[in-house]
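Take a look at the structure set out below.
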Amino acid sequence: MLAIETVELTKAFGDFVAVNGINLKVKAGENFGLLGPNGAGKTTTIRMIAGLIKPSRGSVRVFGIDVTRERREALKLIGYMPQKFSLYEDLTVEENVILYARLFGLSRAEAKERARELLKRFLLWEFRNRLAGKLSGGMKQRLALSVSLVHDPRLLMLDEPTAGVDPPLRRKFWEFFRELNKEGKTILITTHYMDEAENCNRLALMSRGRIIAEGTPREIKRRAIGGDLVEIIAEGHVRLRAEWVKSVEKRDGRFLALVDDAAVRIPQIIRELEGQGVKVISVAPMFVSLEEAFIRFLGD
Amino acid sequence: MQPVIQEGVKRGFRIIPIVEKEVKQLIRDPKTVLMVLAMPVLITIMFGYGYGGKEVGQFPITVVNLDHGEGSYKFIDDLKNSRMFKIEAIYNTRGEGFASVYRGEVYSSVVIPPTFTEDLMMGRVTRIEVIYDASNPQMAKIIMQAVGVVTQLYQEWAAERFGTFAIKPVFYTVYGPSVSKVENFMPGVMAMILQMVPTSLISVSVCRERERGTFEQFIMTPITVFDVIMGKLVAYFGATISDAALTLVTAMLLFDVRLRGSFFDMVVVSTVFLLTSLSMGLFISVFSKNQLQAYQASIFSFILATLFSGFLYPVDVLSPFAQTVAGLIPMYYFIEAFRAVSLKGWTLDMVTYELAVMMLFTVAFLAMAMKFLKLEVG
Ligand SMILES: Nc1ncnc2c1ncn2[C@@H]1O[C@H](COP(=O)(O)OP(=O)(O)OP(=O)(O)O)[C@@H](O)[C@H]1O
Ligand SMILES: [Mg+2]
């Protein structure tokens with residue numbers, strides 16, 4: 001079943017089209033990354049999926065429920081953490097969580113219990129009596145994550161949850177996300193940190209309101225540079241002539257071969273070079289960062 | 001977890017947590033607390049001193065001279081010279097004197113009957129009529145005594161000149177709107193506090209959530225427009241009802257304001273108007289883009305109300321156009337109803353029209369607020 005399915009989703013603010021005919025399919029249980037430069041339309045897309053903004057055109061379904069028509073039903077399934085901290089700064093950490101639990105219909109006692117559970121899980125229990133406005137950036141993000149989970153939603157949409165969070169805590173966040181995925185929750189996440197995006201099952205790259213690339217991180221990189229890069233260190237000159245080799249270039253005493261699929265071709269490369277009598281020291285897939293891939297995509 | 005929540009959503013009574021949240025936010029904001037608690041006391045004190053609280057020394061009275069004889073002029077001089085009275089006006093008809101007390105301009109009107117001088121000269125028994133405002137029993141007693149003293153002295157003087165006779169003071173009671181100016185201003189002061197504080201407070205409540213961004217998370221819960229509006233209304237009502245009580249109590253304690261109506265009736269009238277003010281504030285909030293706009297709209301509506309509601313000038317003396325405008329202003333109905341209940345001692349069943357109109361305003365404001373509040377961002 002699809003956790004999210006958008007069809008030709010479009011949002012125009014006046015003349016300006018912020019999101020332009022997006023068709024997204026996020027499978028249940030996935031960790032799906034929505035990436036793109038500032039102003040690409042990520043937040044607008046998420047808000048439309050959350051039913052916070054009415055689409056100008058197109059439709060959104062969350063687990064089969066039409067968000068525009070049956071918003072209140074859909075809300076039970078959606079947990080949402082906005083890009084900007086949106087909780088009550090004049091309420092304490094615990095009061096915020098309890099308030100939201102009760103707005104989802106939990107009794108006072110149930111809400112208190114749920115708050116305890118979440119605050120312990122996200123390491124906020126000892127700060128439960130602190131006003132939310134007095135929290136550090138990382139703590140605010142953890143509180144927002146707790147609140148987005150009060151009603152145990154099946155889909156979690158996180159808009160830049162790790163913005164302004166220090167590296168150790170970012171790692172911790174991704175551990176949380178993996179756990180949540182394991183519990184069967186679907187996650188839609190946006191981030192500007194490409195190293196984080198590597199952890200997603202699938203990604204969509206947005207630019208100027210459109211999706212310009214979609215797939216697993218590997219697929220995206222492959223598409224960005226036209227294949228996989230294989231690094232070859234050998235004594236002698238490397239010459240590869242096969243239709244699956246797109247190019248070979250020499251750089252800093254190494255050779256970089258661009259091939260269609262590194263996993264399949266590496267043994268073939270070794271066989272080929274040894275057949276030519278070249279002494280092969282190492283042949284390994286070269287790591288291409290997502291950042292590199294995206295800059296290439298956005299470049300043209 | 002899931003089953004509990006599903007059931008809970010059906011249970012769906014979400015107004016209580018919203019009310020609790022709003023109240024917590026209100027009492028944690030020192031500016032709000034100050035506005036709610038200090039404003040009524042300050043304004044009442046300002047009016048109390050500004051418009052002369054308890055008058056000591058001279059009692060303002062009017063005199064009706066129906067006699068125009070030598071005896072009457074001497075009597076008026078004696079009243080003046082006694083230094084106990086300040087004669088505001090001398091009329092030629094009993095009706096005018098009566099009206100001056102009835103309207104609350106003076107505590108009392110002293111009527112000198114047509115045959116006064118003649119009676120004196122003939123040595124007949126004559127009388128002085130004293131029309132006094134019985135709404136203020138203490139003041140009435142003092143005036144009766146003072147008139148008695150002057151009459152006594154006058155009698156001694158007259159006896160020397162005209163021989164034996166007697167002047168009998170006759171007292172008539174009138175229920176005017178109280179005489180003290182502060183009391184007269186109480187409906188206005190109440191109206192001012194019950195509109196200014198609640199309307200401006202609640203008018204920022206919705207747009208503040210939009211401005212701060214808290215709305216974005218708030219509306220990701222299955223709350224309805226009704227929950228949001230009613231939750232805020234109930235919370236702010238609880239917080240501002242104290243304003244009505246504070247104003248009344250301050251006026252009574254500091255300025256000895258005696259209101260004739262039952263305390264319960266005054267509270268009912270105030271409560272009905274308070275709900276109207278809050279609903280108007282919610283209406284403003286739904287339409288305002290930001291807090292500044294909301295404040296400006298509340299202030300504008302307040303100025304409009306003070307100009308046309310009879311707060312500054314009685315509506316009767318305004319132009320027909322202004323009178324029509326007054327009819328569209330909730331505060332006008334409050335001032336009418338509160339004046340009737342507090343000063344004239346009317347009961348609630350005598351102001352049902354005003355109460356009904358205020359409730360109609362409330363329902364209309366709330367309905368529009370709910371209709372136009374969109375659970376969306378951007
Ligand atoms: N309410 C609005 N009215 C007008 N324009 C808007 C509105 N909301 C967003 N936009 C515009 O739409 C575009 C997309 O904005 P959006 O916030 O979706 O981008 P984003 O991908 O989330 O960017 P970022 O990475 O900076 O968060 C931007 O150009 C933004 O200025
Ligand atoms: Mg964004």
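Since the model is a prediction, treat every value here as computed from it, not as a measurement. Residue numbering restarts at 1 for every chain, and letters A, B, ... go by the order of the sequence lines. Because only heavy atoms are used, hydrogens play no part in the values below, and waters and symmetry mates are left out as well, while side chains stay in.
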Please output the residues of residues 201-221 of chain B in contact with chain A, using a heavy-atom cutoff of under 4.5 Å, in numerical order.
B:E209, B:R212, B:G213, B:T214, B:E216, B:Q217, B:F218, B:I219, B:M220, B:T221
Please determine whether the number of non-hydrogen atoms from other residues, nucleotides or ligands lying under 6.0 Å from atom [atom1] of [X] exceeds 12.
X     : atom1 : result
A:K84 : NZ    : yes
B:K24 : NZ    : yes
A:F13 : CZ    : yes

Can you list the residues that meet the side-chain contact (heavy atoms from CB on, under 4.5 Å) rule with A:T43, with sequence neighbours excluded?
A:R47, A:Q83, A:D159
Heavy-atom nearest pair, A:L103 first then B:P17, reads CD2-CG, 4.2 Å
Out of curiosity, [X] [atom1] to [Y] [atom2], how far, rounded to the nearest 0.5 Å?
X      : Y      : atom1 : atom2 : result
A:L52  : B:K374 : CG    : NZ    : 15.0 Å
B:L375 : A:R72  : CG    : CZ    : 9.5 Å
B:R28  : A:T92  : CZ    : OG1   : 6.0 Å

What side-chain donor-acceptor pairs closer than 3.5 Å can you find for residues 125-137 of chain A, not counting sequence neighbours?
{"unit_1": "A:R128", "atom_1": "NH1", "unit_2": "A:W125", "atom_2": "O", "d": "2.8"}
{"unit_1": "A:S136", "atom_1": "OG", "unit_2": "A:M139", "atom_2": "N", "d": "3.4"}

Any non-hydrogen side-chain atom of B:E376 less than 4.5 Å from a side-chain atom of A:I53?
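No, their side chains stay 4.5 Å or more apart.
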Heavy-atom distance under 4.5 Å between the side chains of A:R102 and B:K21, does that happen here?
no
Name every donor-acceptor pair, under 3.5 Å, that has one atom in a side chain of residues 15-24 of chain A and the other anywhere in the protein, sequence neighbours excluded.
{"unit_1": "A:N23", "atom_1": "OD1", "unit_2": "A:E8", "atom_2": "N", "d": "2.8"}
{"unit_1": "A:N23", "atom_1": "ND2", "unit_2": "A:E8", "atom_2": "OE2", "d": "3.0"}

